[in-house]
Amino acid sequence: DGSFDQAYPHEHSVGATAFLLDSMLAAYDVVAPACDAVTRGRLLATFERASGFLLRHDETHGVIANHVAGSVLALLRAEALFERAEYGARADALLRTVLDSQSPEGWFPEYGGCDPGYQTLCVYYLAQVLVRRPSRALSEALA
């Protein structure tokens, strides 16, 4: 189904899929010229399946802002590679979810509370999103 597992087999983790897809797409930008056509085709098919999984699935066990922010970045990378507007539209919707969940104190929720470790990961993903898709709302949220 395009997903990757995080902690156990057949988990179909949104977070793990987002994190791996983002890293794989970044690495692909570097290694693609050295890949033969068959390898490129296999990689692109894997990326397309993972992107499709993120397009169709949400986290179902709580608001985990770093997972959602990772999904936003992965989908924006996928939109750029595949030129598929639905990936960008989904990224925009997920970004609104993250921004709407920000606490008045400025942190983004992880299972209903603040988590300094995951906060840094969330901010990293959002900062990368800001580079790719500048917006006043995101800039203000990060500030």
Problem set entry | Heavy-atom side-chain contact between R77 and Y28 under 4.5 Å | no

For this session: Check the hydrophobic clustering (I, L, V, M, F, W, Y; side-chain heavy atoms under 4.5 Å; chains of links allowed) and say if V72 and F53 are grouped together.
Result: yes

Exercise. Under a 4.0 Å N-O cut-off, is there an ion pair linking D36 with R42?
Worked result: no

For this session: Determine whether L73 and L25 fall in the same hydrophobic cluster, where Ile, Leu, Val, Met, Phe, Trp and Tyr are linked whenever their side-chain heavy atoms lie under 4.5 Å apart.
Result: yes

Problem set entry | For the student: nearest non-hydrogen atoms of D22 and A74, plus distance | N-CB, 3.9 Å

Exercise. Do you know which two heavy atoms are closest between A16 and S13, and how far apart they sit?
Worked result: N-OG, 3.0 Å

Exercise. Is the closest side-chain heavy-atom distance between V14 and D58 below 4.5 Å?
Worked result: no

Exercise. Between L130 and W107, is there a shared hydrophobic cluster once you connect ILVMFWY residues whose side-chain heavy atoms come closer than 4.5 Å?
Worked result: no

Problem set entry | Plane angle bin for F82 and Y87 - parallel if under 30°, tilted between 30 and 60°, otherwise perpendicular | perpendicular

Exercise. Going by heavy atoms in the side chains, are F108 and L126 under 4.5 Å from each other?
Worked result: yes

Exercise. So if you build clusters from Ile, Leu, Val, Met, Phe, Trp, Tyr with side-chain heavy-atom gaps below 4.5 Å, do V31 and L81 land together?
Worked result: no

Exercise. If you take all heavy atoms of G2 and T17, which pair is closest and at what distance?
Worked result: O-CG2, 3.9 Å

For this session: Would you indicate whether the side-chain heavy atoms of T97 and V63 approach each other to under 4.5 Å?
Result: no

Problem set entry | Side chain to side chain, V98 and Y125, heavy atoms closer than 4.5 Å | no

Problem set entry | Separation of I64 CD1 from S101 OG (nearest 0.5 Å) | 11.5 Å

Problem set entry | Check: Y118 and H67 side chains under 4.5 Å, non-hydrogen atoms | no

Problem set entry | NE2 on H57 to OG on S71, rounded to 0.5 Å | 12.0 Å

Exercise. What is the minimum heavy-atom distance between E110 and C122, and which atoms define it?
Worked result: OE2-CB, 4.4 Å

Exercise. Between E79 and R132, is there a salt bridge with N-O shorter than 4.0 Å?
Worked result: no

Exercise. Do you reckon Y111 sits in the same ILVMFWY cluster as L121, going by side-chain contacts under 4.5 Å, direct or chained?
Worked result: no

Exercise. At what distance, to the nearest 0.5 angstrom, does CG of L95 lie from CZ of R133?
Worked result: 9.0 Å

For this session: For A141 and Q102, work out which heavy atoms get closest and say how close.
Result: O-NE2, 3.0 Å

For this session: Over 60° means perpendicular and under 30° means parallel, so classify the ring planes of H12 and H10, tilted if in between.
Result: tilted

Problem set entry | From R84 atom CZ to L55 atom CG, the distance as rounded to the nearest 0.5 Å | 7.0 Å

Exercise. CZ/R56 to OG/S51 distance, rounded to the nearest 0.5 angstrom?
Worked result: 10.0 Å

Exercise. Considering only heavy atoms from C-beta outward, does the side chain of L21 approach that of F4 to under 4.5 Å?
Worked result: no

Exercise. Does some side-chain heavy atom of L54 sit less than 4.5 Å from a side-chain heavy atom of R90?
Worked result: no

